[in-house]
Amino acid sequence: MNKTTIRLDKYIASVTDYSRNEVKRLLKNDHVRVNGIPASNPAAHINQQEDTVAVYEQVIDAPQARYFMLNKPRETVCATEDSEHTTVLDLIDEPNLHKLHIAGRLDKDTTGLVLITDDGQWSHQVTSPRSECFKRYRVYLAQDITDDAITALKQGVQLHNEKKLTLPAHIDKIDNTTILISIQEGKYHQVKRMLAAVGNHVEHLHREAVGKIELDKELELGQYRELHHHEAALFLP
Ligand code: URA
């Protein structure tokens, strides 16, 4: 059988809460239809993309993967559970929260764009170094940024306890104490450590974009929305 087909009993069990034995009973007792025609053979193959399967006259569908963006406030942690702090998942009001995970974490005091999904392949695409996905941060600095510091950040700087220089960053100077920095790596506290390496100090960090996904300006801190199809598609195979 080719890859787009699947055994009927397996398909029903995978997209519903029925066990394989319950599914067999449903089939035997004529409660299943494929394209409107009664189906009783558990070993029959169906095409998930083309065939319509109904149980008790209700069409069943594979659950769709879910993708969200959240504007993370300060003092929330990018963890799925934390006994002390509010987690980003505490801010999401959706069913089956336990199935969701975070695609690329931010520090507790960093604000801005966090992507949340139940699609493991998708989050791997977002976070894998192979994807070379640039993340853009707005950085509020304690001291004026110097031209030398900008040159060094663009070329790569040596972080404490790291073997290699950071990969080249894109920098846009907004004013003397605000820059936009885009980096493709995601080392621990990377932006803060990069600015420390050039003798400055990050007062506040806000993530504005992950690849081509821009934080929606309509979202207040703590608010979230589903990704539009064209946004999620950016990291689909
Ligand atoms: N770099 C940091 O230092 N902190 C973050 O939260 C993200 C990038």
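Just so you know, ligand 1 is whichever comes first in the structure, and atom 1 is the first atom listed for that ligand. Computed over heavy atoms, backbone and side chain alike; hydrogens, waters and symmetry mates excluded.
Contacts of Val191 with ligand 1, taken as heavy-atom pairs under 4.0 Å, involve both backbone and side chain. When non-hydrogen atoms are compared, ligand 1 lies under 4.0 Å from the side chain of Leu205 (C-beta onward) but not from its backbone.
Classification of the His204-His206 ring pair by plane angle, with boundaries at 30° and 60°, yields tilted. Taking the six-membered ring where tryptophan is involved, the planes of Tyr56 and His31 are tilted, since the angle between them lies from 30° to 60°. In this pair, Phe235 and Trp122 present their aromatic rings perpendicular. The plane angle is above 60°, beyond the 30 to 60° band.
Scanning all protein heavy atoms for the shortest distance to atom 4 (N) of ligand 1 gives Asp107 OD2, 2.7 Å. Considering only non-hydrogen protein atoms, atom 3 (O) of ligand 1 sits nearest to His189 C, 2.9 Å.
For ligand 1, the polar-atom distance check against Arg105 finds no nitrogen or oxygen pair separated by under 3.5 Å. Residue Thr110 places at least one N or O, backbone or side chain, under 3.5 Å from an N or O of ligand 1.
With Asp107 as the partner, the side chain to side chain donor-acceptor pair (under 3.5 Å) test is satisfied by one option alone out of Lys72, His189, Arg74: His189.
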Can Val88 and Tyr224 be said to form a side chain to side chain contact (heavy atoms under 4.5 Å, CB included), step by step?
CA-CA 10 Å; Val88 295; Tyr224 75 95; over 6 Å; no
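Heavy atoms of Tyr137 come nearer than 4.0 angstrom to ligand 1 in at least one pair.
A donor-acceptor pair under 3.5 Å links the side-chain atoms of Asp175 to the main chain of Thr178, judged by distance alone.
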